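Take a look at the structure below.
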Amino acid sequence: MTVRTRVAPSPTGDPHVGTAYVALFNSVFARRHGGQFILRIEDTDRERSDVASESMIMDALRWTGIEWDEGPDRGGPCGPYRQSERVDIYRRHAQRLVDEDRAFCCFCTPDRLDALRRAQRQRGETSRYDGLCAGLDPAVAASRVEAGEPHVVRMRVPSDGACRFKDRLRGVIEIPWSQVDMQILLKSDGFPTYHLAVVVDDHMMGITHVLRGDDWITSTPKHELLYRHFGWDMPEHAHLPLLRNPDRSKLSKRKNPTSLHYFRDVGYLPEALLNYLGLMGWSMPDERELFSVDEMIAEFDLDRVSTGGPVFDLEKLNWLNGQYIRNLSPAEFADRVGQWALNRDRLERLVPMIQSRTERLIDLAPQVDYLLGERRALSADLFQHRTLTEEDCKRVLHHALAMMTTLRAWEGSVLMRECRALSEKMDIKLRDFLFPLFVAVSGRATALPLFDSMAFLGADLTRTRLRSAIVALGGISKKATKRLDKEFAALAQN
RNA sequence: GUCCCCUUCGUCUAGAGGCCUAGGACACUGGGUUUUCAUCCCAGUAACAGGGGUUCGACUCCCCUAGGGGACGCCA
């Protein structure tokens with residue numbers, strides 16, 4: 001049996017470093033065993049998936065140097081590799097389960113489900129479908145479907161006992177069926193949910209080993225049950241530890257840079273990033289810490305994967321990146337710098353901002369200092385303003401940050417529109433509203449156009465700067481954060 | 001709240017019952033090299049969550065407690 005692994009990102013935003021992490025382990029494991037590594041796009045959420053995200057993910061993964069043998073861009077024997085193009089396969093399988101009475105049609109409205117969940121939560125139970133439609137006469141259900149009534153397909157779940165499955169890293173895990181929801185397999189739009197699609201695809205694509213984040217552990221019983229119902233062998237599962245923020249919550253863009261674009265744009269070398277990710281939850285038998293992906297492949301062993309969630313430590317990544325930078329030959333170093341900052345594309349994005357402000361080319365560098373380098377360290381007195389207090393500045397920064405985490409597209413025009421709207425809701429003049437943002441982003445009260453600057457820096461770097469600006473202003477207490485979150489939510493409503 | 005997972009220096013980790021006086025790396029501190037700085041070199045501070053077992057012997061095995069995390073969506 002040849003080993004086949006996959007990574008299955010969903011194209012719903014910036015390419016996440018966690019995707020590269022899981023991709024690295026999957027590809028290394030496959031290569032170690034002479035197998036194949038597959039990229040599959042899980043775009044079954046029609047609301048949130050978009051093609052721009054899909055190509056960003058593929059570009060970012062290519063940038064890291066991770067290569068896949070089969071995928072939407074290069075085809076392969078098990079295609080298509082984009083789930084939105086496999087919908088009829090999922091429908092067929094869902095229908096098969098309905099025919100065999102292992103699944104049923106459910107006509108409950110979202111409102112009813114919502115109320116149900118709330119009540120269960122209040123009673124301290126795990127929220128779970130109550131089975132109202134499970135007892136429907138199949139003929140009656142079929143005629144309601146026939147009549148065009150909106151419905152979903154749900155899987156039946158054993159009423160008692162527990163699901164036992166093997167995790168390659170932890171051994172046998174046992175989860176009571178009472179904790180497992182009658183999962184929706186097919187949504188009312190006819191698209192599958194993750195749980196149906198992942199099982200069908202992993203089986204049809206010959207996946208032998210599933211290496212994924214450990215946040216999937218609790219839904220594995222659903223998958224185990226599906227494999228059983230379909231009569232398929234379940235691939236071996238190994239749940240990798242989740243990357244963490246310094247506060248040990250799972251790594252999130254709210255608290256940390258997570259976009260692969262950030263790592264590329266601030267000048268991490270992809271080989272250093274992969275080396276660092278290889279250190280997260282895994283170690284070389286001889287404890288060496290500097291190694292290439294090829295060296296990792298030569299030594300990789302799932303037995304050396306640890307289970308505690310590692311904190312993503314930028315400090316150590318910086319050191320590691322420095323090691324790689326210094327090991328470059330002068331010519332390679334020059335090439336890397338050229339590819340990074342002085343490439344034509346990046347320069348052209350700068351030109352509209354700087355050309356009109358330049359008399360001699362030597363005037364250039366001081367203007368773009370904060371765009372091509374770290375901005376200066378901030379102190380509270382930089383935020384002195386004739387009308388805004390420090391508290392006002394913090395409020396603006398907090399709300400701007402909150403607004404930015406909800407943005408789908410990171411573009412100057414969008415940022416401008418959103419900032420204007422926010423300033424009006426907060427009843428602060430736009431020019432005053434912008435002041436703390438200028439300082440936070442550039443370290444100066446006056447700088448190149450703000451929204452173009454933010455667009456150039458990218459979402460993660462911009463957010464990182466706003467966060468550190470709040471710290472420079474003395475930070476916001478937990479209590480105050482809660483209050484501000486509430487305030488922002490209220491503003492966002494109207 | 002319910003269920004599941006996890007727990008070695010601040011952080012990443014080594015450790016598969018005696019090699020442990022618990023090792024390495026980052027960070028930090030001190031010293032050296034260097035026209036400054038950085039690099040580089042040397043040294044130092046710092047951990048087995050707690051309590052019970054099992055054993056001649058427990059960081060390693062078992063149980064309990066505590067702490068942390070995750071899941072509980074017509075998201076993935």
Side-chain angles (χ1 to χ4, degrees), chain A residues 8-13 16 18-19 40-49 83 106-111 113-114 116-117 120-129 150-154 162-163 165 167 169-171 173-181 183-198 212-222 239-251 276-290 303-323 325-327:
Chain A
S10 57
T12 54
H16 198 276
T19 302
R40 183 173 71 221
I41 297 295
E42 310 230 318
D43 57 347
T44 55
D45 184 342
R46 289 207 274 183
E47 297 274 293
R48 293 199 291 177
S49 300
Q83 290 186 330
C106 170
F107 304 90
C108 293
T109 63
D111 282 350
L113 297 174
D114 204 44
L116 178 67
R117 259 193 289 274
Q120 288 171 326
R121 213 52 166 267
Q122 218 154 44
R123 273 179 271 137
E125 299 164 15
T126 297
S127 57
R128 192 167 181 260
Y129 182 60
H151 66 283
V152 301
V153 174
R154 281 181 191 276
C163 175
F165 60 91
D167 177 273
L169 308 179
R170 287 161 256 261
I173 294 175
E174 198 174 308
I175 296 176
W177 285 117
S178 63
Q179 295 296 318
V180 180
D181 199 5
Q183 179 61 46
I184 292 179
L185 300 176
L186 217 54
K187 308 180 231 182
S188 57
D189 65 0
F191 270 56
T193 56
Y194 170 85
H195 305 282
L196 207 218
V198 77
R212 51 161 31 159
D214 67 18
D215 49 348
W216 288 110
I217 288 179
T218 44
S219 37
T220 306
K222 294 170 184 174
H239 291 96
L240 303 172
L242 236 38
L243 266 23
R244 310 292 186 94
N245 296 313
D247 68 3
R248 305 220 166 252
S249 54
K250 81 172 176 181
L251 192 66
Y276 181 69
L277 292 175
L279 253 19
M280 301 276 88
W282 189 77
S283 61
M284 277 283 191
D286 65 359
E287 294 189 56
R288 123 185 79 119
E289 298 199 294
L290 257 75
D303 288 335
R304 296 194 63 82
V305 176
S306 55
T307 44
V311 171
F312 194 94
D313 181 17
L314 285 167
E315 207 85 69
K316 184 147 182 177
L317 207 212
N318 289 346
W319 167 78
L320 198 58
N321 200 56
Q323 297 297 309
I325 297 255
R326 286 173 213 122
N327 282 336

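All values reported here derive from a predicted model rather than from experimental measurement.
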Step by step, would you call A:Ser249 with A:Asp247 a side chain to side chain donor-acceptor pair (under 3.5 Å)? CA-CA 6 Å; A:Ser249 54; A:Asp247 68 3; 2.6 Å; yes

With A:Trp216, which residues qualify under ring pair (Phe, Tyr, Trp, His ring centres under 6.0 Å), at least two apart? A:Tyr194

Determine which nucleotide pairs with B:C9, using a 3.5 Å limit on both distances of a Watson-Crick or G-U wobble pair. none

What does A:Ser188 touch in the nucleic acid at a heavy-atom separation under 4.0 angstrom: a base, only the sugar-phosphate, or nothing? base

Identify the nucleotide, in any strand shown, that forms a Watson-Crick or G-U wobble pair with B:G1, with both distances under 3.5 Å; if there is none, say none. B:C72

Say you pick atom P in B:C3 and the same atom in B:U45; how far apart are they, in whole Å? 46 Å

Quote, to the nearest angstrom, the C1' distance that separates B:G24 from B:A14. 7 Å

Within the 4.0 Å heavy-atom criterion, would you say A:Gly281 contacts the bases, only the backbone, or no part of the nucleic acid? sugar-phosphate

Look through every strand shown and name the nucleotide pairing with B:A49 as Watson-Crick or G-U wobble, where both distances are under 3.5 Å. B:U65

Sugar-phosphate, base or nothing in reach of A:Gln183, heavy atoms under 4.0 Å: nothing

Nearest heavy-atom pair of A:Trp177 and A:Cys163: which atoms, and what distance? CZ2-CB, 3.3 Å

Please find the earliest and latest nucleotides of RNA chain B, in the 5' to 3' direction, that have an atom within less than 4.0 Å of any heavy atom of chain A. B:G1 to B:A76

Interatomic distance at C1', B:A47 relative to B:U11, whole Å: 12 Å

Heavy-atom distance under 4.5 Å between the side chains of A:Thr220 and A:Ile175, does that happen here? no

Please work out if A:Arg117 contacts a base, only the sugar-phosphate, or nothing of the nucleic acid, heavy-atom cut-off 4.0 Å. sugar-phosphate

Does the side chain to side chain donor-acceptor pair (under 3.5 Å) test come out yes or no for A:His239 and A:Arg170, once each step is laid out? CA-CA 8 Å; A:His239 291 96; A:Arg170 287 161 256 261; 5.0 Å; no

With sequence neighbours excluded, what pairs up with A:Lys316 under the salt bridge (Lys or Arg N to Asp or Glu O under 4.0 Å) test? A:Glu289

Identified pairing partner of B:C56, criterion: Watson-Crick or G-U wobble below 3.5 Å: B:G18

How would you label the contact of A:Arg48 with the nucleic acid (heavy atoms, under 4.0 Å): base, sugar-phosphate, or nothing? base

Categorize A:Cys163 for me: base, sugar-phosphate, or nothing, with a 4.0 angstrom heavy-atom threshold over every strand shown. nothing

So what does A:Arg170 touch, heavy atoms closer than 4.0 Å: a base, only the sugar-phosphate, or nothing? sugar-phosphate

Which whole number of Å gives the distance between the P atom of B:C4 and that of B:C9? 26 Å

For atom C1', what is the distance between B:A46 and B:G23, given to the nearest Å? 14 Å

Taking atom C1' in both B:G57 and B:C19, what distance in whole Å separates the two? 14 Å

In terms of heavy-atom contacts, A:Pro241 and A:Val305 come closest through CD-CG1, 4.2 Å

Starting from the 5' end of RNA chain B, give me the residue, A:Thr307 or A:Thr12, whose nearest nucleotide shows up first. A:Thr307

State which residues pass side-chain contact (heavy atoms from CB on, under 4.5 Å) with A:Ser49; sequence neighbours excluded, sorted by chain then number. A:Pro11, A:Thr12, A:Asp43, A:Asp45

A:Asp189/A:Lys187 salt bridge by N-O under 4.0 Å criterion: no

Measuring only the C1' atom in each nucleotide, how far is B:U65 from B:C28? A whole number of Å is fine. 34 Å

Separation between the P atoms of B:C62 and B:U2, rounded to whole Å: 25 Å

Which part of the nucleic acid, if any, lies within contact of A:Glu47, taking any heavy atom under 4.0 Å across all strands shown: a base, the sugar-phosphate backbone alone, or nothing? nothing

Do you know which two heavy atoms are closest between A:Ser10 and A:Glu42, and how far apart they sit? CB-O, 3.0 Å

Looking for any heavy atom pair under 4.0 Å, which part of the strands does A:Arg123 touch: base, sugar-phosphate only, or nothing? nothing

Complementary nucleotide for B:G44 - Watson-Crick or wobble, under 3.5 Å: B:C28

Sugar-phosphate, base or nothing in reach of A:Ser178, heavy atoms under 4.0 Å: nothing

Which residues pass the ring pair (Phe, Tyr, Trp, His ring centres under 6.0 Å) test with A:Tyr129, not counting sequence neighbours? none

For A:Glu287, report the nucleic acid contact type (base, sugar-phosphate, nothing); a contact means any heavy atom under 4.0 Å. base

Once you apply a heavy-atom cut-off of 4.0 Å, does A:Arg46 come out as touching a base, just sugar-phosphate, or nothing? nothing

Could you tell me whether A:Val152 contacts a base, only the sugar-phosphate backbone, or nothing, with contacts defined as non-hydrogen atoms closer than 4.0 Å? base

Just call it for A:Ile175: base, sugar-phosphate, or nothing, with non-hydrogen atoms closer than 4.0 Å on any strand. sugar-phosphate

Let me confirm one number: the CG-NE2 distance from A:Leu185 to A:His195, rounded to the nearest 0.5 Å. 9.0 Å

Here's a test of your reading of the structure: between A:Tyr276 and A:Asp303, which maps to the more 5' nucleotide of RNA chain B? A:Tyr276

Using a cut-off of strictly less than 4.0 Å between a heavy atom of the residue and any atom of RNA chain B, enumerate the qualifying residues of residues 312-319 of chain A by number. A:Asp313, A:Glu315, A:Lys316, A:Trp319

